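The block underneath contains the structure these notes are about, expressed in structure tokens.
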Amino acid sequence: MQSALRRVSIAACIGTVAAVSLSCSRTGDSKSVLTGDAASRVYVAPGQHDEFYSFLSGGFSGQVAIYGLPSGRLLKVIPVFSQNAENGWGYNEETKPMLQTTFGFIPWDDTHHTELSMTDGTPDGRWLFINGNNTPRVARIDLTRMETEEILQIPNAAGGHASPFTTPDTKYIVSATRFSVPVPNTDVPIESYKQNFRGTLSFITANEPGKMDIAFQILMPGYNYDLGHAGKGPSQGWFFFTSYNSEQANTKLETNASQNDKDYIAAVNYAKAESCVAEGKARTQPADYFHNYMDERTRSAKTERKTSVKMLDPKDCPGIVYFLPTPKSPHGVDVDPTGEYIVAGGKLASVIPVHSFSKMAKAIDARAFDGELSGIPILKYDAVMAGEVQKPGLGPLHTEFDGKGNAYTSMFISSEVVKWKLGTWEVLDRIPTYYSIGHLMIPGGDAKKPFGKYLVAMNKITKDRYLPTGPEMAQSAQLIDISGEKMKLLLDFPTIGEPHYAQALPASLIKDRQVKFYKLTENGSPHVTKAESDGGITRQGRNVRVKMIAIRSHFAPDNIEGVQVGDTVYFHVTNIEQDWDILHGFAVLGAENSELILNPGETRTLKWVPKTPGIYPFYCTDFCSALHQEMSGYIRVSAAGSNVPLKANTSPKAQQQVSRLKNISGAAQR
Ligand code: RUQ
Ligand code: CUA
């Protein structure tokens, strides 16, 4: 509502901008004269499409949100790690298994980072990955249907934060543990942290839909692993992870984990790790985790439980990990488009430290080490450092690139984006953000060839940016124009959850590949009803199954009897429409697990346990046609043990069709 209002006022500005641009300023924006120009830059006229799809993590909502850029319009929420009432994700029987874990059914998780699949280091529009942070998992979203297709749990980990960053060929995505824990997890005194707690870095095969699995894990010292990015170009084959708490504190981390001047970036030679695994140097150890995926044919989720992982100890495979000393409790680590520079965000550091990949390779050859930790050599800081950006501001967190030799770093404490030059390390420009920016995102800004043009700042604090909405404000993202020398603020747009990270790509890469409906002829659900005359009701003990169709503007059957208190009723509803964007809904009085929403051609199941005898109406919840209000029916519930017979009608038209068919086949037999 709020953003709609904003758009109205911007639209009003467009017409009058030349004459009275001053009257079009937004609250909090001092450069009123620029606002008219900014408005025209983000204005996408009615009926027009945005230039970019952007995929923002839904943060603590557990989902992904799609926004068009430059308009900032919310297009869709894709449910991933949380149940979603808008489309029944995690409520209907077909999708519930997607949220299964070894801890049981988890209705709500926290997501941080979206990541597009890549080919040759460039987003290819196949999939979007996202991490489950609290109960470590990774998910794959298919970008032709904008649906979560697969979720893999990560064992031997707690807090899957450095995830799900991909290698340039999407061979692997990664997940690193944020909270070190005993591996395998057991009951030990928390004080025994230094002896017993370890970190793990997981490499997950990602290139085949439905087949994600943990290729191997690397056992690491008990630090907190925070973020990661893959090398590219010359550094392809390497992965870089930040760590903090090299102090290995287990209490009051705020001070105790901020003692050391430098922590480390772990540089992992995963190509070498692969060969060690192939040579049998990894231990196969028991582990317990779920792999959940949507079966293509039935469009229902399946789960499998996995029982072991390959664990690689760097001691058994020397040369797979090196530590790059990095000031001070680093957070982000980002690799520039050429693959040479590895930029860290030392959140308490006064500079932005940049490591050089070529120097690192030389330092490894020359064994320029400053000792080792748990068998992992520490490289000399001066031997690997490419340069430091001096006086960039306060609290550098994350860096993205425009492909023109410039880097953009978010500064959390000084609330700004700083643009600086790769190689000379000079600060070129800075722009305030409102307020306390976390991640920033440039379309393709972590890829080999960034698409550039815009930068989205994702801010942690909103304060006064929008109309107030009680104690909690909408989250705040800001669109910044980076096409010129100077950055220019174009737009504020509210977002859901707390969108840590985001990814974006030109709409042209995926918009023409969108699935418009599921083909009924290919619907392999065991509970599908393909034609009205096939609907009905069956009983097996206390389980009653109602098979029905939904089509404009009725359900069939729509009068159902013979259900008893104590039964478990399954409504298997198939939307038999074969037309784009024609959805139906299904809701029945007193149902405790929400409703159904049905894509065209799809079968979804609502489980219902009626508790008292009576008549229960059901109806379509998605306004589908002029006779949508007529799209309803009744189900009768009788007392347990009653002798009301099972009955489910189909419409007179369908019955006529059935009897006509019978007559025809009868006539043919005669
Ligand atoms: S984080 S604000 Cu969860 Cu990626 Cu840095
Ligand atoms: Cu179907 Cu409304």
Side-chain angles (χ1 to χ4, degrees), residues 56-62 109-115 129-134 136 159-165 174-176 178-179 224-229 241-242 244 329-334 343-347 395-400 409-413 415 417 433 435-441 445-446 456-461 475-477 495 497-503 548-556 558 573-577 579 581-587 595-600 602 604 618-633:
L56 274 65
S57 159
F60 47 69
S61 82
D109 203 330
D110 173 35
T111 65
H112 285 223
H113 307 113
T114 51
E115 177 84 340
F129 299 100
I130 183 153
N131 66 322
N133 196 53
N134 179 39
H161 192 260
S163 179
F165 305 103
V174 299
S175 178
R178 170 150 164 234
F179 309 110
N224 295 45
Y225 296 88
D226 212 9
L227 281 151
H229 261 108
F241 296 93
T242 46
Y244 61 101
S329 299
H331 181 58
V333 52
D334 299 282
V343 182
K347 51 192 191 260
L397 290 185
H398 299 283
T399 301
E400 295 251 305
T409 302
S410 56
M411 310 300 286
F412 176 79
I413 298 171
S415 252
V417 174
T433 55
Y435 302 91
S436 302
I437 180 174
H439 274 273
L440 42 66
M441 180 275 288
D446 62 344
V456 175
M458 285 158 278
N459 306 316
K460 300 296 188 193
I461 295 169
Q475 312 291 316
S476 139
T495 63
E498 182 197 296
H500 291 245
Y501 190 41
Q503 295 262 278
M548 57 203 294
I549 57 99
I551 191 167
R552 281 162 289 179
S553 302
H554 63 275
F555 293 104
D558 70 355
V573 190
T574 301
N575 177 357
I576 62 171
E577 305 274 1
D579 211 347
D581 197 29
I582 302 296
L583 278 73
H584 294 285
F586 177 83
E595 313 164 3
L596 300 175
I597 280 288
L598 303 142
N599 283 311
E602 197 171 54
R604 288 290 174 256
F618 54 85
Y619 72 101
C620 172
T621 54
D622 192 325
F623 205 107
C624 51
S625 63
L627 296 173
H628 156 83
Q629 288 298 86
E630 280 70 15
M631 194 166 171
S632 64

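Nothing fancy with the numbering, it's 1 onward along the sequence. What you are looking at is a predicted structure, and each value in this text was computed from that prediction instead of being measured. Just follow the structure's listing: the first ligand is 1, and inside any ligand the first atom is 1.
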Less than 3.5 Å apart, any donor N or O on the side chain of Asn131 or His112 sitting next to an acceptor on the other? no
Lining ligand 1 at under 4.0 Å, by non-hydrogen atom distance, are residues His112, His113, His161, Leu227, His331, His398, Gly438, His439, Lys460, His500
Is atom OH of Tyr435 surrounded by more than 12 heavy atoms (other residues, nucleotides or ligands) closer than 6.0 Å? yes
Please tell me whether His161 and Asp226 have a donor and an acceptor in their side chains that are separated by less than 3.5 angstrom. yes
Taking atom 2 (Cu) of ligand 2 as the center, what protein N, O or S atoms are found at less than 2.8 Å? Cys620 SG, Asp622 O, Cys624 SG, His628 ND1
Between Gln475 and Pro499 the two heavy atoms that sit nearest each other are CB-CD, 4.0 Å
Sidechain-backbone polar pair: Ser553 side chain, Met631 backbone, donor-acceptor under 3.5 Å: no
Just checking, any donor-acceptor pair under 3.5 angstrom between side chains of Thr399 and Thr409? yes
Quick one: list whatever passes salt bridge (Lys or Arg N to Asp or Glu O under 4.0 Å) with Asp109, sequence neighbours left out. Arg137
In terms of ring plane angle, is the pair Phe165 and Tyr501 parallel, tilted or perpendicular, where the classes change at 30° and 60°? tilted
Can you sort out the partners of Glu400 under salt bridge (Lys or Arg N to Asp or Glu O under 4.0 Å), two or more places apart, ordered by chain and number? none
